[in-house]
Colleague: 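Got a structure for you, written out below as structure tokens; questions coming shortly.
In what follows, every chain begins at residue 1, and chains take the letters A, B, ... in the order their sequences are listed.
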2 protein chains.
Amino acid sequence: MSLEFAILGFLNYHPYTGYDLKKIFDTSIRHFWPADQSQIYRTLARLTEQGFAGMEKVPQEDRPDRKVYHITEAGQAALREWLAGPPPLDEPRSAPLIQVFFAGQLTDEEILAKFDGFAAIMRAILAQYDQVPAQIGPYQQEITPPREHFFWLLTLDNGIRTMRANLEWAESVIERIKSGKVPSE
Amino acid sequence: MSLEFAILGFLNYHPYTGYDLKKIFDTSIRHFWPADQSQIYRTLARLTEQGFAGMEKVPQEDRPDRKVYHITEAGQAALREWLAGPPPLDEPRSAPLIQVFFAGQLTDEEILAKFDGFAAIMRAILAQYDQVPAQIGPYQQEITPPREHFFWLLTLDNGIRTMRANLEWAESVIERIKSGKVPSE
DNA sequence: TCCTTATATAAGACTAATCCTATATTATAT
DNA sequence: ATATAATATAGGATTAGTCTTATATAAGGA
């Protein structure tokens, strides 16, 4: 469901092809909503069926015709309604926390290695986030008006804060492990 | 995949029925891994096929026979291997952040209402988390040994820190909106 | 020369998870 | 009197998302 509205959101800025959209997703909202290429094309087809998007074929030599999708008035209305509506509450899922929950099975050394690994991953992601504002791609030109840009940065800020909180958590656990504060059954 | 190991993790503490497991999930790891009743039963069947769990029927009058599942040696080995292995990196998904990303479409009043709503939800969840350690159910008795309890609290701590970071984010956005710092296109 | 990347689309198969429904009885609450 | 919660299981249908593969050509790098 959410993917539909994410696509409508981008089409509301500018008409795009499925190929364009895949690149846009990968360079903008992928931190909180990764999208599969195959699913983007399917969703575009569905949006067209529903009357939320229209499509023009742009013939090309040698390559498949580009199918440029644009948002319709019905699509804009649907987008606006969804945006103003209640937050789509998605239940959180974190498989790594399952490992933590049952980590009592492991030795203290294994546990320390695990949390060191967590911390390393989180630091790497944070380093990546720091570079995001710099790499505004050619597709982002339609999203750069200050108001749009502001909300884009808000989602990035959310990601950074969440990741920092998680890193601090991992570091506090590492300290506790090192100072022997893990109960030994 | 993760659900399999979560179930094995609990069966490693004690034999349980599908019904038991549903309750255990709902009172322990549901913050980061909600589980559907139907899926628990199906996964138990699969674990038995794979030889990771065994089952004994306990006949009852008037009600369906209880099927009590226990972990096998192969199951314990599989669990241990998974726990010690690399973190199962799940890509983050947050539908509410899609709303934020495209919130430029809305009026400043609507945006303020939206973030007030976010903050309210987060405060409610935080209040819930505060009560979690108090409500150790009858099923948790097998998980209360100090080492297991320690890791249980770590996952809770993670949830609290993450939610707090998100609440602080929402509050900082609310402040910025109120002081007119949202660019108006 | 050969391999990879970029451009562009899309179907097929599969997995995980959700939602709904069915069965059967007892106890409790309104 | 009626409804709902608790105990216990499980199938059917559906949705969302992933992974793999197919088609077609040009440009660039090793």
Side-chain angles (χ1 to χ4, degrees), chain A residues 1-7 15-27 29-30 32-50 53 55-69 88-95 98 137-139, chain B residues 1-8 15-27 29-30 32-50 53 55-69 82 88-95 98 137-139:
Chain A
M1 284 290 94
S2 305
L3 182 67
E4 272 183 43
F5 294 104
I7 289 178
Y16 290 114
T17 68
Y19 190 81
D20 294 332
L21 285 167
K22 173 59 178 160
K23 299 215 147 183
I24 291 171
F25 268 81
D26 285 350
T27 54
I29 70 173
R30 171 231 163 103
F32 55 91
W33 205 270
D36 186 76
Q37 172 258 119
S38 188
Q39 209 194 345
I40 289 174
Y41 281 103
R42 272 188 255 256
T43 305
L44 281 169
R46 183 150 31 99
L47 286 172
T48 310
E49 272 172 47
Q50 292 173 322
M55 185 263 287
E56 278 95 44
K57 269 192 190 159
V58 178
Q60 296 196 122
E61 304 135 28
D62 304 333
R63 284 181 202 162
D65 294 350
R66 303 181 81 225
K67 293 188 176 179
V68 181
Y69 291 87
L89 16 86
D90 38 11
E91 306 222 60
R93 282 186 185 280
S94 168
I98 299 180
Y139 287 103
Chain B
M1 284 291 93
S2 304
L3 181 66
E4 272 184 43
F5 294 105
I7 289 177
L8 283 179
Y16 290 115
T17 68
Y19 190 81
D20 294 333
L21 285 167
K22 173 59 178 160
K23 299 214 147 185
I24 291 172
F25 269 81
D26 286 349
T27 55
I29 70 173
R30 172 230 162 103
F32 55 90
W33 205 271
D36 186 75
Q37 172 258 119
S38 187
Q39 211 194 344
I40 289 174
Y41 281 103
R42 272 188 251 254
T43 305
L44 281 170
R46 183 150 31 98
L47 286 172
T48 310
E49 273 172 45
Q50 292 173 322
M55 185 263 289
E56 277 95 46
K57 268 193 192 159
V58 179
Q60 295 195 122
E61 304 136 27
D62 305 330
R63 285 184 202 160
D65 294 350
R66 303 180 81 223
K67 293 188 174 178
V68 181
Y69 291 86
W82 183 78
L89 17 85
D90 38 11
E91 305 223 60
R93 282 186 185 280
S94 169
I98 300 180
Y139 286 104

Colleague: Take the protein atom CE of B:Met1 and the nucleotide atom C1' of D:dG17, then report the distance between them rounded to whole Å.
Modeller: 15 Å
Colleague: Just jot down the side chain to side chain contact (heavy atoms under 4.5 Å, CB included) partners of B:Ala6, sequence neighbours excluded, or say none.
Modeller: A:Ile98, A:Phe102, B:Phe25, B:Ile29
Colleague: Classify the side chain of B:Ser38 versus the base of C:dA17 as yes if they form a donor-acceptor pair under 3.5 Å and no if they do not.
Modeller: no
Colleague: What does the list of N/O pairs under 3.5 Å between the protein and nucleotides 21-23 of chain C look like, with a distance for each?
Modeller:
none

Colleague: By nearest heavy atom, map A:Tyr69 and B:Glu4 onto DNA chain C; which one lands nearer the 5' end?
Modeller: A:Tyr69
Colleague: For the helix from C:dT1-D:dA30 to C:dT30-D:dA1, measure the angle between the helix axis at one end and the axis at the other, each built from five pairs, rounding to 10°.
Modeller: 30°
Colleague: Roughly, in whole Å, what's the span from CZ in B:Arg66 to P in D:dT7?
Modeller: 10 Å
Colleague: How close or far is atom P of D:dG17 from atom CD1 of B:Ile98, stated in whole angstroms?
Modeller: 9 Å
Colleague: Could you state the interatomic distance from CG (A:Asp20) to CZ (A:Arg66), rounded to the nearest 0.5 Å?
Modeller: 5.5 Å
Colleague: Roughly, in whole Å, what's the span from CZ in A:Phe5 to P in D:dA16?
Modeller: 11 Å
Colleague: For B:Glu91, which residues count as a side chain to side chain contact (heavy atoms under 4.5 Å, CB included) partner, sequence neighbours excluded?
Modeller: A:Arg30, A:Pro34
Colleague: For D:dG12, does the base pair up with any side-chain atom of B:Arg42 as donor and acceptor (N or O, under 3.5 Å, distance only)?
Modeller: yes
Colleague: Would you kindly give the CD-to-P distance between A:Gln50 and D:dT15, to the nearest whole Å?
Modeller: 12 Å
Colleague: How long is the gap from CG on B:Asp90 to CH2 on B:Trp33, to the nearest 0.5 Å?
Modeller: 6.0 Å
Colleague: Would the distance check show the side chain of B:Tyr69 and the main-chain N or O of B:Leu8 forming a donor-acceptor pair, the cut-off being under 3.5 Å?
Modeller: no
Colleague: Whole angstrom is fine here: how far is it from OH in B:Tyr19 over to C1' in D:dT7?
Modeller: 5 Å
Colleague: Just to verify, what does B:Glu56 make a side chain to side chain contact (heavy atoms under 4.5 Å, CB included) with, not counting sequence neighbours?
Modeller: B:His70
Colleague: Rounded to whole angstroms, how far apart are CG on A:Leu47 and P on D:dA16?
Modeller: 12 Å
Colleague: Report the nucleotide, chosen from C:dA10, D:dA16, C:dT18, that has the shortest atom-to-atom distance to any side-chain atom of A:Gln39.
Modeller: D:dA16
Colleague: Would you confirm whether A:Lys22, through its side chain, and A:Ala35, through its main-chain N or O, come within 3.5 Å as a donor-acceptor pair?
Modeller: yes
Colleague: Using a cut-off of less than 4.0 Å, is there contact between a side-chain N or O of A:Lys23 and OP1 or OP2 of C:dT7?
Modeller: yes
Colleague: How would you list, by chain and number, every residue that makes a side-chain hydrogen bond (donor to acceptor under 3.5 Å, both in side chains) with A:Thr48, sequence neighbours excluded?
Modeller: none
Colleague: With heavy atoms under 4.0 Å as the rule, sort A:Thr17 into base, sugar-phosphate or nothing.
Modeller: sugar-phosphate
Colleague: Check whether any side-chain nitrogen or oxygen of A:Tyr41 sits under 4.0 Å from OP1 or OP2 of C:dA10, and answer yes or no.
Modeller: no
Colleague: Rounded to the nearest 0.5 Å, how far does CD of A:Glu4 lie from CG of A:Leu44?
Modeller: 10.5 Å
